[in-house]
Amino acid sequence: MANVVYAKQSLPDNTPIVVYNLSVTENINELSTSSFSFDDSTQNKIAALMMSPQTTIYVPEISCS
């Protein structure tokens, strides 16, 4: 099953990423961790270029408003 998450950099740039094997671990008093895989395909080309240590990943299914 594929999920869609979003990559956001410090600049106002963001882009969707189609990911596989998405796993999010949440623990009390700790930062959440996520892991996923994605293909460097045509639909994910921009996202692949955006990946850097400063990139924030937004997972809509678990985000609170």
Calculate, to the nearest 0.5 Å, the distance between atoms OG and CG belonging to Ser34 and Leu22 respectively. 7.0 Å

Rounded to the nearest 0.5 Å, what's the gap from CG on Asn14 to CD1 on Ile46? Could you check? 12.0 Å

Among all residues two or more places apart in sequence or in another chain, which pass the salt bridge (charged side-chain N to carboxylate O under 4.0 Å, His left out) test with Lys8? none

Least distance between heavy atoms, Ala47 atom then Pro16 atom: CB-O, 4.2 Å

All heavy atoms of Tyr6 vs all of Pro60, minimum pair found to be CE1-CG, 3.6 Å

Has Asp39 got a side-chain atom pairing as donor or acceptor with Asn44's backbone, closer than 3.5 angstrom? no

Could you tell me whether a side-chain N or O of Thr55 sits under 3.5 Å from a main-chain N or O of Ala7, the two making a donor and an acceptor? no

Linking I/L/V/M/F/W/Y whenever their side-chain heavy atoms sit closer than 4.5 Å, directly or via other members, would Met50 and Val18 fall into one cluster? no

Among the clusters formed by ILVMFWY side chains lying less than 4.5 Å apart, do Val19 and Val24 turn up in the same one? yes

Using a 4.5 Å cut-off on heavy atoms from C-beta on, say whether the side chain of Met51 contacts that of Ile57. yes

Tell me whether the count of non-hydrogen atoms from other residues, nucleotides or ligands lying under 6.0 Å of CZ in Phe36 goes above 12. yes

